[in-house]
Amino acid sequence: MVKITKITTQKNNIGRYNIFLDNGKGEKFGFGLDEDVLITSGITKGQEISEEALQSIIEKDAAHKCFTLALQYLSYRMRSKKEIKTYLLKKEQNPTHVEETLTRLEEQGYTDDASFAGAFVRTKVNTTSKGPLVIRKELQEKGITGAAADQAMTYYTFEKELEKAVKLAGSKLQTKAKKSHQEKIQLAQQQLLSKGFSSAAAKEAVSLALSDSDQDTDAELEAVRYQGDKLLRKYAQKAEGYELNQKIKMALYRKGFPMELIQKYIEEAKEKDLY
């Protein structure tokens with residue numbers, strides 16, 4: 001048997017107590033105990049208690065600490081069960097206590113993956129430029145799959161996806177980078193795909209963005225001149241005449257410039273004696 005010799009409050013941790021014990025060899029610190037566990041255990045100063053009973057109380061305190069950590073983690077925002085589990089395990093909590101905590105949280109209404117998923121998707125749709133594929137992947141990373149994920153993603157309708165994609169595509173198409181119009185289209189589609197938009201939405205968004213803006217012929221001509229001059233500097237030391245002409249033509253064509261503008265550039269270059 002062990003005697004409880006003293007119970008004192010911890011100076012820097014309100015709500016926790018120091019339990020001092022004497023097993024026949026003099027008083028020494030035994031363990032810390034949360035106030036709730038102290039009350040429910042019923043231990044008092046001067047009480048004699050078995051080692052087994054003490055270990056049971058210590059185990060209850062560890063479980064209580066795990067639950068308290070989870071509540072603190074939830075106090076900032078909603079969390080998925082997987083997020084909570086990962087957090088608690090990183091805090092080196094006993095895996096058994098972690099599972100007990102998750103069950104208790106759900107029973108008391110602190111966790112609901114379906115509600116979390118719905119709130120998560122709405123927030124992402126309203127505050128980011130991410131497409132549905134990326135958001136669904138993020139849900140999966142947080143442990144939300146199956147019906148809960150499917151239901152949450154219904155908020156991200158194709159209409160919302162298309163509206164967001166058109167804005168992004170329009171911005172990319174209007175860039176002042178000296179690239180061909182066709183290359184800008186390809187880059188706009190690639191950007192949308194990389195952000196998690198479906199291929200159908202990416203194609204339609206670019207098409208709609210194009211119909212809302214006139215193609216700037218002057219800008220296209222400036223771009224072909226810029227790219228053509230770069231190619232001329234690149235190939236002039238290795239080729240000349242017809243061969244140089246063909247190399248530049250094909251390179252500009254691969255960059256998406258229309259043949260009439262390519263021919264115009266070549267004629268201008270010859271007039272300036274760049275060839």
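Fair warning: this is a prediction, and the values are worked out from it, not measured in the lab.
Remark: side-chain polar atoms of T44 are not paired, donor with acceptor, to backbone N or O of Q47 under 3.5 angstrom. Side-chain atoms of Q10 never come within 3.5 Å of backbone atoms of G32 as a donor-acceptor pair (strictly under, hydrogens ignored). Under the 3.5 Å distance criterion, the side-chain polar atoms of Y265 are matched with a main-chain donor or acceptor of D229. Checked by atom type and distance alone, the side chain of T68 pairs as donor or acceptor with a backbone atom of H64 at under 3.5 Å. A distance-only check finds a donor-acceptor pair linking the side chain of T86 to the backbone of K82 [under 3.5 Å]. Judged purely by atom type and a 3.5 angstrom limit, S171 has no side-chain atom pairing as donor or acceptor with the backbone of L168. No donor-acceptor pair under 3.5 Å is formed between the side chain of N245 and the backbone N or O of I248. At least one donor-acceptor pair closer than 3.5 Å links the side chain of D61 to the backbone N or O of D34.
Of all heavy-atom pairs spanning A188 and K172, the tightest one is CA-CG, 3.7 Å. Across all their heavy atoms, S198 and F158 have their closest contact at OG-CE1, 4.3 Å. Closest of all the heavy-atom pairs between Y253 and M259 is CD1-CE, 3.7 Å. In terms of heavy atoms, Y156 sits closest to P132 at CE1-N, 3.5 Å. Shortest non-hydrogen contact noted between S115 and M78 is C-CE, 3.7 Å.
The closest side-chain heavy-atom distance from L193 to L133 is not below 4.5 Å. Looking only at side-chain heavy atoms (C-beta outward), L21 and T5 stay at 4.5 Å or farther from each other. Using a 4.5 Å heavy-atom cutoff, the side chains of K238 and K247 are not in contact. With a 4.5 Å cut-off on side-chain heavy atoms, L74 and Y87 do not count as touching. Residues T101 and L69 have side chains not in contact (no heavy-atom distance under 4.5 Å, counting atoms from C-beta outward). In this structure, T128 and V134 have side chains that are not in contact, with every pair of non-hydrogen atoms separated by 4.5 Å or more. Residues L88 and C66 meet the side-chain proximity criterion, which asks for heavy atoms closer than 4.5 Å. In this structure the side chain of F116 reaches within 4.5 angstrom of the side chain of R77, judged on heavy atoms.
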Begin with the C-alpha distance, continue with both residues' side-chain angles, and end with the deciding distance and a verdict on side-chain contact (heavy atoms from CB on, under 4.5 Å) for K81 and E106.
-> CA-CA 9 Å; K81 293 176 186 175; E106 185 171 15; 3.0 Å; yes
Apply the test side-chain contact (heavy atoms from CB on, under 4.5 Å) to residues S56 and E52: give CA-CA distance (whole Å), side-chain angles for both, the deciding distance (0.1 Å), then the verdict.
-> CA-CA 6 Å; S56 176; E52 292 78 8; over 6 Å; no
For the pair L187 and K184, evaluate side-chain contact (heavy atoms from CB on, under 4.5 Å) and give the outcome as yes or no after the intermediate values.
-> CA-CA 5 Å; L187 289 172; K184 288 181 182 180; 5.5 Å; no
Test side-chain contact (heavy atoms from CB on, under 4.5 Å) applied to R79 and T111, step by step | CA-CA 7 Å; R79 311 277 184 179; T111 58; over 6 Å; no
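Residues satisfying the ring pair (Phe, Tyr, Trp, His ring centres under 6.0 Å) criterion with F20, sequence neighbours excluded, are F29.
Around atom NZ of K164, more than 12 heavy atoms belonging to other residues, nucleotides or ligands sit under 6.0 Å away. Atom CD of E99 has more than 12 heavy atoms from other residues, nucleotides or ligands within 6.0 Å. Within a 6.0 Å sphere centred on NZ of K234, other residues, nucleotides and ligands contribute 12 heavy atoms or fewer.
To the nearest 0.5 Å, the span separating CD on Q93 from NZ on K85 amounts to 14.0 Å. One distance of note links CD1 of I135 with CD of E161; it measures 9.5 Å at 0.5 Å rounding. Interatomic distance, Q191 CD to L173 CG, rounded to the nearest 0.5 Å: 9.5 Å. Rounded to the nearest 0.5 angstrom, K45 NZ and K6 NZ are separated by 8.5 Å. I185 CD1 to S207 OG: the interatomic distance, rounded to the nearest 0.5 Å, is 9.0 Å. Taking OG1 from T9 and CG from N18, the interatomic distance works out to 8.0 Å, rounded to the nearest 0.5 Å.
Cluster membership for L54 and I7, using ILVMFWY side-chain heavy atoms within less than 4.5 angstrom, is shared. Hydrophobic clustering keeps Y226 apart from L231 (ILVMFWY residues linked when any side-chain heavy atoms are closer than 4.5 Å, directly or through intermediates). Transitive grouping of hydrophobic side chains (ILVMFWY, heavy atoms separated by less than 4.5 Å) brings Y17 and I49 into a common cluster. Residue M1 is not grouped with residue I57 when hydrophobic side chains (ILVMFWY) are merged at heavy-atom distances under 4.5 angstrom, including chains of intermediate members. Hydrophobic clustering (ILVMFWY, side-chain heavy atoms < 4.5 Å, transitive): L261 and M250 are in distinct clusters.
The aromatic rings of Y110 and F67 sit perpendicular, their planes meeting at an angle over 60°, well past the 30° parallel limit.
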Ignoring hydrogens and angles, write down the donor-acceptor pairs under 3.5 Å from the side chains of residues 140-150, residues two or more places apart or on other chains.
unit_1: K142; atom_1: NZ; unit_2: E83; atom_2: OE2; d: 2.8
unit_1: D150; atom_1: OD1; unit_2: R136; atom_2: NH1; d: 3.1
unit_1: D150; atom_1: OD1; unit_2: R136; atom_2: NH2; d: 3.2

